[in-house]
Number of protein chains: 2
Amino acid sequence: MLADDVHEAIKALIMDHVLEPGARVSIDGLARQLGVSPTPVREALARLESAELVVKEPLRGYRTSPLLSREQLDDLYQFRLLIEPWAAARAAEHADAEGRERLEAEMRSCATPASDTYDSYKALAAHDTRFHVLVAELAGSAQVRRAFERTHCHLHVFRLHYDRGLGERTLAEHRRITRAVLDRDPVAAEAAMRGHLEAACYERLRPVSEEAGGPTQG
Amino acid sequence: MLADDVHEAIKALIMDHVLEPGARVSIDGLARQLGVSPTPVREALARLESAELVVKEPLRGYRTSPLLSREQLDDLYQFRLLIEPWAAARAAEHADAEGRERLEAEMRSCATPASDTYDSYKALAAHDTRFHVLVAELAGSAQVRRAFERTHCHLHVFRLHYDRGLGERTLAEHRRITRAVLDRDPVAAEAAMRGHLEAACYERLRPVSEEAGGPTQG
DNA sequence: ATCACTCAGATCGTGTAGGAAATTTCCTGT
DNA sequence: ACAGGAAATTTCCTACACGATCTGAGTGAT
């Protein structure tokens, strides 16, 4: 299916900063560049628009979504803090043997690359994406999983700064969440996920405003 | 923009049961029926696919999304219970004067029609949709609002049974939530929203399984 | 006689090519 | 330097061709 290939190609172009945030996406230009006719490009862009990866300006064409503002990133992490700790707790409660094995396999696949190359970073980011989706999946709630996926949070964070916040500490935090899930300890899983997100949030939002005391959720 | 009109037209067809759940959606058929060429129909269907209102089977066409199963409806309300009480609390904390006025206006617009006609039911359902979106909006979190809207929960519930669960009690519960928000009482707003959703949930899922005691969230 | 398989016609999704309308850009004239 | 207008680019839709899938009849086997 050509339209699907085009869809993936454009997503990759956005992911790799070839199409920068806010850049105009010419429908004919992409068609020529990819060697196809405009029709499948239109279909792909229509889907990307529903996913909010591009925005449409009638009679003027498409642009890639702009970078998240400070407030929007804050809001994004607030949302993640609302659903992901909950998902981690439910995963600890409900994950079956096959699910726990998948979680262990994901962690094994990322023993410790941690080189400083761009590719290494991308691999780690891909692991991070898979890990969080997997936790949402193990929670047994398709709604929560889809809600998480539709935030495209890794894409947004990646576009903002693809050099910060992922490293050995991320893996250590993932291991802690994994351990709690495997131990069937919902309280520990929830706390570990909350801590993981708050660490990433503070890391990325630094300097962070010192309004009131205590973390986002209390 | 023709594609936008087609998009809205198809959404309306789904909403009004003209296109039944799981029904095949012919691309050429719709084009003839709407008096346009297939291209804008394809674009509209691509967007509806991203919104999960239709599903695509490659080389075989589109179908409207199937009805929600009991488990999926349960999952949907679990998700609503996760985000909407939170949103109600944040709305009570953060809503400004203009927001509170909009909430009051929405409630005024629905004094008490409550006739038993189909149109009356549709009007009430539309109010219900607007009310819940408005609460999410007043919470100040675009992520939560979008996550809620993307569930299309009113569409799904409407398709399952468009005759149950909406009535004077719904309005009374909305009033209670509104009062708590206007009183800037987050705890009461959260509790009222939780009670509202649980009432709707139990009403719709009856007979409900009697696993353990107490409501969904504990 | 009934059932299963095969093959042909029809139907529909998919991609291409071309033309109309609108916007943007560039040039010219004041 | 600024306003007006025309050319060029681009979006958007239509019309058409190709290929795959589904439907039905017909044939053969059990």
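Because only heavy atoms are used, hydrogens play no part in the values below, and waters and symmetry mates are left out as well, while side chains stay in. In what follows, chains carry the letters A, B, and so on, assigned in the order in which the sequence lines appear, proteins first and then strands, with residues in each chain numbered from 1.
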Discussion item. Can you tell whether the side chains of R90(B) and E93(B) come within less than 4.0 Å, N to carboxylate O?
Written reply: yes
Worksheet entry | Atom-pair distance (CZ on R24(B); P on dT21(D)), nearest Å | 13 Å
Item to complete: Among dA15(D), dC12(D), dA20(D), find the nucleotide with the atom closest to the side chain of L59(B).
Response: dA20(D)
Worksheet item: Across the strands shown, which category fits V25(B) at heavy-atom distances under 4.0 angstrom: base, sugar-phosphate, nothing?
Response: sugar-phosphate
Practice prompt. Nearest whole angstrom, please: distance from the C1' of dA17(C) to the CD1 of I27(A).
Written response: 15 Å
Discussion item. Salt bridge check, R169(B) against E173(B): does any charged N sit closer than 4.0 Å to a carboxylate O?
Written reply: yes
Worksheet entry | Upstream residue (5' side of DNA chain C) when M1(A) and P58(A) are each assigned their closest nucleotide | M1(A)
Worksheet item: Rounded to whole angstrom units, what separation is found between the CG atom of D28(B) and the P atom of dA15(D)?
Response: 12 Å
Worksheet entry | Spacing between R60(A) atom CZ and dT9(D) atom P, to the nearest angstrom | 19 Å
Discussion item. Closer than 4.0 angstrom, basic N to acidic O: yes or no for R47(B) and D4(B)?
Written reply: yes
Fill in: Proximal nucleotide (of dC12(D), dT14(D), dG15(C)) relative to the K56(A) side chain
dC12(D)
Item to complete: Round to a whole Å and report the spacing from CG of L2(B) to P of dC12(D).
Response: 11 Å
Worksheet entry | Donor on one side chain, acceptor on other, H154(B) and H132(B), under 3.5 Å | no
Worksheet item: Between S26(A) and dT11(D), does any side-chain N or O lie under 4.0 Å from OP1 or OP2?
Response: yes
Worksheet item: Is a donor-acceptor pair below 3.5 Å formed from side chain R42(A) to base dG15(C), judging by atom type as modelled?
Response: no
Worksheet, complete the sentence: When rounded to whole Å, the CZ to P distance for the pair R63(B) and dC12(C) reads 14 Å
Worksheet item: What integer distance in Å separates L30(A):CG from dT10(D):P?
Response: 12 Å
Worksheet entry | Nucleotide dT16(C), atom C1' - distance to CZ of R32(A) in whole Å | 15 Å
Worksheet entry | Closest approach of G22(B) to T64(B) (non-hydrogen atoms, all atoms of both residues) | N-OG1, 2.8 Å
